[in-house]
**Q** 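Below is a structure I'd like to ask you about.
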Amino acid sequence: MGQIMTGARMVIEALKKEGVEIVFGYPGGAIIDVYDELYKNPEIHHVLVRHEQGAAHAADGYARSTGKVGVAIVTSGPGATNTVTGIATAYMDSIPIVVITGQVPTKLIGNDAFQEVDITGITRPITKHNFLVKRIEDLPRILKAAFYIARTGRPGPVLVDLPKDVQQAKGEFNYLEEIHLRSYNPTYEPHLKQIEKAYLLLEKAERPVFLIGGGVISSDAAPEVRELAEKLNLPVTMTLMGLGGFPGDHEQSLGMLGMHGTYYANMAVAHCDVLLAVGARFDDRVTGKVDAFAPNAKIIHIDIDPSSIQKNVKVDVPIVGDCKRALTRLLEMIKEVGKPKKYWKERFKEWWEQIDIWRRRYPLSYKEDPNYIKPQYVIEKLYELTKGEAIICTEVGQNQMWTAQYYKFKYPRTLITSGGLGTMGFGFPASIGAQMGNPGKLVIDIAGDGSIQMNIQELATAMDQKLPIKIIILNNGYLGMVRQWQELFYEKRYSAVKLTTLPDFVKIAEAYGAVGMRITKPQEVEPTLKKILNMDKLAILDVIIAPEEGVFPMVPAGKATTEMILV
Amino acid sequence: MAERKCTLSVLVENTPGALARIAGLFSGRGFNIDSLCVAETLDPTLSHLTLVTRGDDQIIEQIIKQLRRLIDVYKVVDVTEEGDFVEREMALIKVRAEKENREEIYRLCEIFRLKIVDVSPRTYIIEVTGDKEKLEAVIELLRPMGIKEIVRTGLIAMKREKKNP
């Protein structure tokens with residue numbers, strides 16, 4: 001017999017069973033019973049955000065940086081709808097979060113009651129799964145299933161909608177140790193026949209490229225990626241979500257590919273004869289024009305989600321399974337065949353020579369200017385000063401792409417960025433989650449002057465929790481990425497991109513009790529960065545950058561990835 | 001790539017919202033639904049759904065994979081791909097049955113083995129069961145008499161067992 005308790009208490013007990021120590025949330029009428037239990041159970045640390053979107057992003061940042069499930073708790077109606085952008089962000093990037101929303105009492109559902117919204121209906125296309133709990137008897141199993149679904153298979157957000165009367169009702173708390181869902185059985189173990197086919201392709205390859213995506217991060221496959229890359233001497237390129245899955249400072253790293261990828265990564269993919277893609281989904285920002293993407297390559301695609309395979313590009317060897325296990329099996333096969341390292345080194349020698357020509361021809365570069373701070377320089381310096389050891393969160397737009405290009409991510413889970421949905425306002429609340437999950441680590445949010453204003457209210461949350469996050473605003477007074485598109489493709493008709501009124505970010509920092517600093521000259525960059533990085537306090541550094549600096553290389557949308565605009 | 005018609009047999013958990021998930025998947029990803037038929041199965045915790053859709057091979061592959069990806073979907077079978085299957089649809093047709101054509105309609109029903117399930121002074125309701133072609137043929141024959149209303153169930157399908165095991 002399980003203990004008899006209220007639904008609200010069951011939520012707390014389930015959180016404990018799932019090992020949840022930190023939750024992000026915002027109370028309200030329909031979730032007040034759960035908050036009453038949080039009050040009685042201080043061992044679960046609740047972080048009060050200032051907007052429910054912040055709670056969802058913080059839970060997401062926590063999940064991305066720790067690998068654990070992030071949890072957000074909000075009330076019904078607007079509380080629930082405010083999490084929608086956060087849920088969609090997590091969904092697009094396959095991040096495990098559980099969002100618990102209050103709901104009006106079951107007998108009022110459908111009556112347009114105060115703060116009622118059909119949140120399971122609204123979030124159906126942006127959650128991996130969601131539940132409306134109608135009976136207290138179902139609650140323990142649903143909570144168990146929610147965490148299980150969120151973290152297994154291809155991870156993703158799960159929402160549990162909890163009516164107020166179910167929170168108050170009493171029932172037996174039978175929490176399963178393990179759950180089996182007959183309709184949900186993700187495939188972890190790859191088909192060995194397929195692994196063999198993949199091996200045979202690699203063995204015959206002359207110009208292979210190893211492409212890794214976010215699946216490598218979520219399955220903790222970075223060690224296997226590195227072992228395979230080094231063993232076979234493969235050039236490695238990463239999607240935005242894959243950055244950190246292979247050390248960016250490794251000589252075999254070609255950096256990021258795609259729209260703002262490096263020249264040499266895009267050239268290598270365009271000319272390769274075998275593309276080994278792991279945990280990537282061939283998003284349009286990666287492929288550019290699909291017909292011209294890796295046109296001569298046989299493609300091996302490893303992914304845990306069968307629907308990712310053959311979705312955007314034709315695949316020759318599909319392998320459904322967990323990235324880590326599939327790579328492990330592939331490595332075992334390579335060991336078994338036992339070709340010496342020298343074989344692979346010799347084999348791809350010419351290919352590497354070609355890649356090195358591309359690397360020398362167009363390395364990542366920007367023009368220095370004594371009058372202006374170049375954003376790329378800021379990121380380079382930041383990389384140098386942090387030695388690649390920081391957790392870097394980004395907003396979305398130019399700030400994000402400069403970070404992806406110039407910070408050489410060395411470890412998985414050190415880049416926290418909204419890849420799929422491209423959510424401005426994500427980075428800062430995500431950095432709160434990342435810092436809560438990694439108390440001793442240096443956490444930095446790289447922002448733009450546009451993005452940071454989308455969730456700037458969370459400064460209060462960060463100060464509440466005494467988080468020493470560093471916010472670096474690359475301030476050009478523009479919605480820079482849109483401006484760049486208008487410059488390049490709309491004959492400089494700068495429609496609605498000039499942020500005419502910008503707040504004084506230094507004063508904003510000070511108003512919240514944080515440190516604020518501003519720099520305008522290149523020579524200030526290094527000493528000021530040093531100064532703020534050594535502070536044990538939240539600091540905003542407002543960096544006034546060259547106003548019309550662009551992100552290059554750039555592949556115009558819909559063009560082949562070889563048609564790059566280089567500077 | 002050539003577009004083909006595809007009949008999918010889907011077993012799904014009998015939970016609230018399961019159908020909405022499937023309908024939402026089709027609208028959200030821009031897939032077509034030509035017809036959809038839902039009912040209980042022998043196991044009351046599962047619903048059976050016959051779904052007729054169209055697309056080239058790649059799209060149909062995506063449709064099946066996306067359906068399987070839904071947590072509530074237990075099983076998806078492409079009945080058309082498997083080859084040997086039985087398809088049936090039912091229609092109720094309300095047709096004008098005035099003095100001059102009452103007899104003719106009655107005879108037509110005998111020939112096609114249709115059931116007259118309701119009789120009023122000026123109309124019949126006729127039940128037709130069969131494959132799509134039979135239904136279309138009957139509708140065309142009845143049309144000149146004056147069809148007042150048609151309700152169709154949409155296709156249901158079932159795989160045949162192997163004849164020579």
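Computation of the quantities below employed the complete heavy-atom set of this structure, encompassing side-chain atoms and omitting hydrogens, waters and symmetry-equivalent molecules. Within every chain, numbering begins at 1; the chains are lettered A, B, ... in the order of the sequence lines, protein sequences first and strands thereafter.
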**Q** Let me confirm one number: the CD1-NZ distance from I309(A) to K65(B), rounded to the nearest 0.5 Å.
**A** 6.0 Å

**Q** Within the supplied structure, the quantity of interest is the number of heavy atoms (other residues, nucleotides, ligands) at a distance under 6.0 Å from Y91(A) OH; does it exceed 12?
**A** yes

**Q** Mind listing the closest non-hydrogen atom pair of A20(B) and R124(A) along with its distance?
**A** CB-NH1, 3.0 Å

**Q** So with a 6.0 Å cut-off around CG of D112(A), is the heavy-atom count from everything else above 12?
**A** no

**Q** Between OG of S307(A) and CZ of R68(B), what distance do you get to the nearest 0.5 Å?
**A** 11.5 Å

**Q** Rounded to the nearest 0.5 Å, how far does CG of D305(A) lie from CD of Q66(B)?
**A** 7.0 Å

**Q** Relative to chain A, which segment of T45(B) carries a heavy atom at a distance below 4.5 Å: side chain, backbone, both, or neither?
**A** both

**Q** Within the supplied structure, the quantity of interest is the number of heavy atoms (other residues, nucleotides, ligands) at a distance under 6.0 Å from R4(B) CZ; does it exceed 12?
**A** yes

**Q** Could you check whether atom NZ of K144(A) has more than 12 heavy atoms from other residues, nucleotides or ligands sitting under 6.0 Å from it?
**A** yes

**Q** Using atom types as modelled and distance alone, determine if a side-chain donor or acceptor of E61(B) lies under 3.5 Å from a backbone N or O of Q310(A).
**A** no

**Q** Above 12 or not: heavy atoms from other molecules or residues under 6.0 Å from CD of E103(B)?
**A** no

**Q** For E100(B), I'd like to know if atom CD has over 12 heavy atoms of other residues, nucleotides or ligands within 6.0 Å.
**A** yes

**Q** Are there more than 12 heavy atoms of other residues, nucleotides or ligands under 6.0 Å from atom NZ of K17(A)?
**A** no

**Q** Strictly distance-based, threshold 3.5 Å: is any side-chain N or O of K128(A) a donor or acceptor partner for the main-chain N or O of I71(B)?
**A** no

**Q** Does D72(B) form a side chain to side chain contact (heavy atoms under 4.5 Å, CB included) with H129(A)? I'd like the steps, not just the answer.
**A** CA-CA 9 Å; D72(B) 279 339; H129(A) 199 59; 3.6 Å; yes

**Q** Quick check for you: to the nearest 0.5 Å, what is the distance between S183(A) atom OG and L46(B) atom CG?
**A** 6.5 Å

**Q** CZ of R69(B) to OH of Y184(A): how many Å apart, nearest 0.5 Å?
**A** 10.5 Å

**Q** Look up atom CD in E13(B) and atom CZ in R182(A), then write down how far apart they are to the nearest 0.5 Å.
**A** 4.0 Å

**Q** N130(A), L181(A), L132(A), T120(A): which one forms the most heavy-atom pairs within less than 4.5 Å of chain B?
**A** N130(A)

**Q** Surrounding NZ of K75(B) (heavy atoms of other residues, nucleotides or ligands, distance under 6.0 Å), is the total greater than 12?
**A** no

**Q** Below 4.5 Å from any heavy atom of chain B, which atoms of P125(A) appear? Answer side chain, backbone, both or neither.
**A** neither

